[in-house]
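This report refers to the structure that appears directly beneath it.
So you know, we letter chains A, B, ... as the sequences are listed, proteins then strands, and number each from 1.
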There are 2 protein chains.
Amino acid sequence: MDDIGHKDGSGSEAISVRATRIQDVAKLADVSTATVSRALATPERVSPEARARVLEAIAKTGYVPNPAARTLRSQKTYMVLVVLPDLANTFFSKILRGIEETLFEAGYGMIIGDLDGSPEKEAHFAAFTAAGRVDGAILLNGHLFGQSRGGEGISARITIPLVALCESIPGADIPQIEIDNRAAASRMTQHLASLGHRSIAYVSGPASNILERERFQGFKDGLAASGLPFEPVQVIPGDYTIEAGVRAGRDIVARRDRPTAVFCTSDEMAIGLMRTLFSAGLRVPDDISVAGFDDIDFAVVAEPSLTTIRQPRRELGQAAASALIDLLQGRPSPKRIRLETELVIRDSVAPL
Amino acid sequence: MDDIGHKDGSGSEAISVRATRIQDVAKLADVSTATVSRALATPERVSPEARARVLEAIAKTGYVPNPAARTLRSQKTYMVLVVLPDLANTFFSKILRGIEETLFEAGYGMIIGDLDGSPEKEAHFAAFTAAGRVDGAILLNGHLFGQSRGGEGISARITIPLVALCESIPGADIPQIEIDNRAAASRMTQHLASLGHRSIAYVSGPASNILERERFQGFKDGLAASGLPFEPVQVIPGDYTIEAGVRAGRDIVARRDRPTAVFCTSDEMAIGLMRTLFSAGLRVPDDISVAGFDDIDFAVVAEPSLTTIRQPRRELGQAAASALIDLLQGRPSPKRIRLETELVIRDSVAPL
DNA sequence: CGGCCGCATGTAATCGATTACATGAAACTT
DNA sequence: AAGTTTCATGTAATCGATTACATGCGGCCG
């Protein structure tokens with residue numbers, strides 16, 4: 001680290017140019033603070049002349065209402081917390097973008113809570129929420145605050161609207177936005193079977209994960225629907241990462257009795273797996289077919305391009321944000337939204 | 001969209017169980033509110049007995065200070081805004097994680113401002129900042145608020161600490177955290193030249209981008225240092241995306257006189273480009289060498305694995321957050337930090 | 001013409017913490 | 001012993017907006 005020169009902390013001690021307050025505007029427009037406030041919040045309740053003077057004064061002074069004061073009085077923060085397990089994961093960032101743009105249009109800001117696998121952080125965000133720093137929260141982590149380890153004390157105090165996104169939270173009476181993981185996994189499995197594959201391996205997500213359980217059910221559904229038996233040896237454990245795909249690939253390469261198709265429950269794993277097969281001299285899809293899940297940007301430029309399930313990530317984010325905004329504004333909100341997935345057929349899967 | 005059932009907005013209209021206030025704690029502990037406040041902020045200025053009674057009362061009531069009230073009085077929000085051009089980009093999410101974890105440890109929350117190429121959003125975040133909703137901001141977008149289009153009115157009011165990350169902001173008197181893009185690009189160019197390549201193409205970023213200008217200079221430096229002439233035809237325009245890499249690949253495939261090596265200024269472009277070359281029957285690195293920049297997760301599983309420049313993304317985020325926290329807490333802060341990059345040699349580049 | 005209503009506006013309470021200043025007791029100082 | 005310092009604590013002003021309530025004016029109705 002090459003550290004050139006120093007700058008003192010004067011930025012934070014800057015001569016505090018006290019910002020324009022509502023009082024200043026009121027004085028300049030020769031009205032009361034109440035009138036200024038009303039001119040902004042309920043213009044129709046203020047005479048046109050007064051309103052004009054207020055607006056002029058605001059323009060002249062560049063007045064911006066103090067959010068802390070506003071929040072203190074009105075109990076509204078215009079902030080939403082988004083809790084997610086891993087910010088560095090490609091899968092989430094597109095979703096976040098959908099959330100952010102929808103919140104933005106409605107005048108809400110987005111605060112990120114990256115759990116990073118730490119229960120300590122989870123407790124922190126629960127406290128954060130309980131303290132009233134946000135008006136609502138979107139949960140991408142598959143459970144309510146403190147539901148995992150005894151943080152009930154705090155979570156009981158969380159009375160703000162919540163929305164579950166992607167990982168449904170069983171038993172929680174909050175809007176749930178997701179895809180039909182089970183149906184999608186079943187569909188892909190049947191697609192593989194329909195091409196003649198009888199021996200299909202399944203690379204799983206983390207066992208504790210709800211997504212994983214749904215997709216696994218779907219896999220079994222698909223086998224059953226195709227008249228194929230389920231055999232535990234077909235399941236290779238994974239955790240959605242590239243590295244897990246690489247490990248699963250090594251597993252398959254080492255097998256005497258190889259499956260003819262592999263269904264990976266994330267594109268990352270599929271890409272890592274294909275790479276490992278390739279290095280071992282196995283050709284995809286000639287020797288073995290590989291399918292993914294998610295349709296991330298890299299799926300189309302993988303070699304071969306990846307057959308996968310497309311999740312509408314941006315739309316998922318938008319739908320969750322919309323549902324939350326409905327709740328925040330006292331409107332009824334859909335209780336459960338299931339967005340459609342799409343089977344994207346590319347080159348990594350071929351008939352047997 | 002399959003919309004099952006409805007839930008009314010009762011979440012937001014819930015019977016407002018007024019939260020515990022400092023007054024309630026004071027009454028229970030039989031002290032004044034001032035003592036409660038001091039017991040939390042400056043425990044050493046309160047007698048042990050009073051402190052114990054206060055803490056007990058807090059435990060009993062589950063009191064959490066109201067952040068809005070605190071902010072109103074103390075002018076501290078404990079929030080930081082992170083402004084970035086594209087949240088969906090893999091490159092940023094690892095950086096964000098570094099920022100988030102460092103801010104978190106220091107007790108700050110992170111608000112995301114995704115510009116999404118919209119000047120309107122930029123103005124919004126400038127106003128947001130000017131309104132005092134955050135204590136500081138980290139700018140990943142290469143310019144100060146309103147510096148691009150006449151938002152000077154608002155940006156003049158932004159007196160909070162700022163830090164520039166990745167894209168340096170020339171002329172701004174704020175800490176700048178970055179890598180030495182020029183040196184890194186030069187190094188890669190020389191690496192290619194040292195392997196015997198005389199005809200090296202360069203796939204650029206957006207021309208207006210500061211990163212791009214630095215890397216382009218580095219490319220020319222590297223050519224010069226290797227005794228190679230620079231020829232404009234070597235430059236293929238890009239914008240860091242996979243698709244731009246695909247387009248650049250088509251360009252190269254169509255050329256009569258192909259370069260023997262291609263230096264892409266992002267891994268996304270390199271991967272898209274390799275894919276296009278492969279589809280056209282050109283082999284990497286046998287027929288043509290390809291180098292990237294960033295070392296994203298997919299670089300190692302690309303086929304062939306990608307020779308690239310590693311940027312310490314998490315550390316960049318951490319360093320920027322640390323610098324900002326220094327400023328926020330009135331400590332001196334490094335004015336400029338340059339983190340080291342690393343030339344990562346894999347299989348996509350070979351001697352001529 | 002007197003009373004009632006509605007409208008535009010102002011006054012001041014309120015949100016919940018922090019903190020300057022005041023107070024009184026105990027501990028020193030000379 | 002009187003005066004000074006220190007310490008723990010309380011009182012109340014303050015941050016800056018929102019909003020319940022009060023006021024005064026003009027129009028309308030009977």
Checklist entry - Which residue pairs satisfy the salt bridge (Lys or Arg N to Asp or Glu O under 4.0 Å) criterion with at least one member in residues 106-120 of chain B, sequence neighbours excluded? => result A/Arg97-B/Asp114, A/Arg97-B/Asp116

Checklist outcome for this item: Which of D/dG16, C/dG10, D/dT9 is nearest the side chain of A/Thr35? It is C/dG10

Item to check | Nearest-Å distance for atom pair CZ/P, residues B/Arg53 and D/dT9 | outcome: 8 Å

Checklist entry - Between A/Glu49 (CD) and C/dT9 (C1'), how many Å, whole number? => result 12 Å

Next on the checklist: Whether the side chain of B/Glu122 engages the backbone of B/Leu115 through a donor-acceptor N/O pair (distance < 3.5 Å, no angle test) should be reported.
Outcome noted: no

Item to check | Pair listing, salt bridge (Lys or Arg N to Asp or Glu O under 4.0 Å) test, anchored in residues 125-141 of chain A, at least two apart | outcome: none

Next on the checklist: If the helix axis at each end comes from five base pairs, how far does the helix from C/dC1-D/dG30 to C/dT30-D/dA1 deviate from straight, to 10°?
Outcome noted: 50°

Checklist entry - Which part of the nucleic acid, if any, lies within contact of A/Val36, taking any heavy atom under 4.0 Å across all strands shown: a base, the sugar-phosphate backbone alone, or nothing? => result nothing

Checklist entry - Between CD1 of B/Ile112 and CG of B/Leu87, what distance do you get to the nearest 0.5 Å? => result 6.0 Å

For nucleotides 4-6 of chain C, give me every protein contact, N/O to N/O, under 3.5 Å, one pair per line with atom names.
none

Checklist entry - What does A/Ser37 touch in the nucleic acid at a heavy-atom separation under 4.0 angstrom: a base, only the sugar-phosphate, or nothing? => result base

Item to check | Under 4.0 angstrom between B/Ser74 side-chain N/O and C/dT19 OP1 or OP2 | outcome: no

Checklist entry - Of the candidate nucleotides D/dG16, D/dT9, C/dA8, which contains the atom at the shortest distance from the side chain of B/Val46? => result D/dT9

Checklist entry - Which is true for A/Ala68 with a 4.0 Å heavy-atom rule: it touches a base, it touches only sugar-phosphate, or it touches nothing? => result nothing

Checklist entry - For the residue pair A/Phe125 and A/Phe128, does the interplanar ring angle fall in the parallel (under 30°), tilted (30 to 60°) or perpendicular (over 60°) class? => result perpendicular

Next on the checklist: Holding to side-chain hydrogen bond (donor to acceptor under 3.5 Å, both in side chains), I want the full list of residues that pass it with A/Glu100, two or more places apart in sequence or in another chain.
Outcome noted: B/Lys121

Item to check | Set of residues satisfying side-chain contact (heavy atoms from CB on, under 4.5 Å) with respect to A/Asn66, sequence neighbours excluded | outcome: A/Ala68, A/Ala69, B/Leu72

Next on the checklist: Expressed as a whole number of angstroms, how long is the span from B/Leu72:CG to C/dG16:P?
Outcome noted: 12 Å

Item to check | Euclidean distance, atom NZ of residue A/Lys76 to atom P of C/dC15 [Å, nearest integer] | outcome: 17 Å

Checklist outcome for this item: In whole angstroms, the gap separating C1' of C/dT11 from CD1 of A/Ile22 amounts to 14 Å

Checklist outcome for this item: side-chain contact (heavy atoms from CB on, under 4.5 Å) filter on B/Leu28, not counting sequence neighbours, yields B/Ala57, B/Lys60, B/Thr61

Are any protein N/O atoms closer than 3.5 Å to N/O atoms in nucleotides 20-24 of chain D? If there are, list each pair with its distance.
none

Next on the checklist: Restricting to side-chain hydrogen bond (donor to acceptor under 3.5 Å, both in side chains), what partner residues turn up for A/Gln318, sequence neighbours left out?
Outcome noted: A/Glu101

Checklist entry - For DNA chain D, whose closest nucleotide is more 5', that of A/Ala41 or that of B/Arg45? => result B/Arg45

Checklist entry - Can a side chain N or O of B/Tyr63 be found less than 4.0 Å away from OP1 or OP2 on C/dA17? => result yes

Using distance only, find each side-chain donor-acceptor pair of residues 102-110 of chain B under 3.5 Å and give its atom names and separation, not counting sequence neighbours.
unit_1	atom_1	unit_2	atom_2	d
B/Thr102	OG1	B/Gly98	O	3.0

Checklist entry - Who pairs with A/Phe92 by ring-ring contact (aromatic ring centres under 6.0 Å, His included), at least two apart in sequence or on another chain? => result none

Next on the checklist: Rounded to whole Å, please give me the gap between OH in B/Tyr78 and P in C/dA17.
Outcome noted: 16 Å

If you look only at distance, which donor and acceptor atoms sit under 3.5 Å apart when one is on a side chain in residues 34-46 of chain B and the other is two or more places apart or in another chain?
unit_1	atom_1	unit_2	atom_2	d
B/Thr35	OG1	B/Ser32	OG	3.3
B/Thr42	OG1	B/Arg38	O	3.4

Item to check | Spacing of B/Asn66 atom CG relative to C/dT14 atom P, expressed in whole Å | outcome: 17 Å

Next on the checklist: Rounded to whole Å, please give me the gap between CD in B/Glu44 and P in D/dC7.
Outcome noted: 11 Å

Checklist entry - Picking from C/dA17, C/dC15, D/dA17, which would you name as closest to the side chain of B/Arg70? => result C/dA17

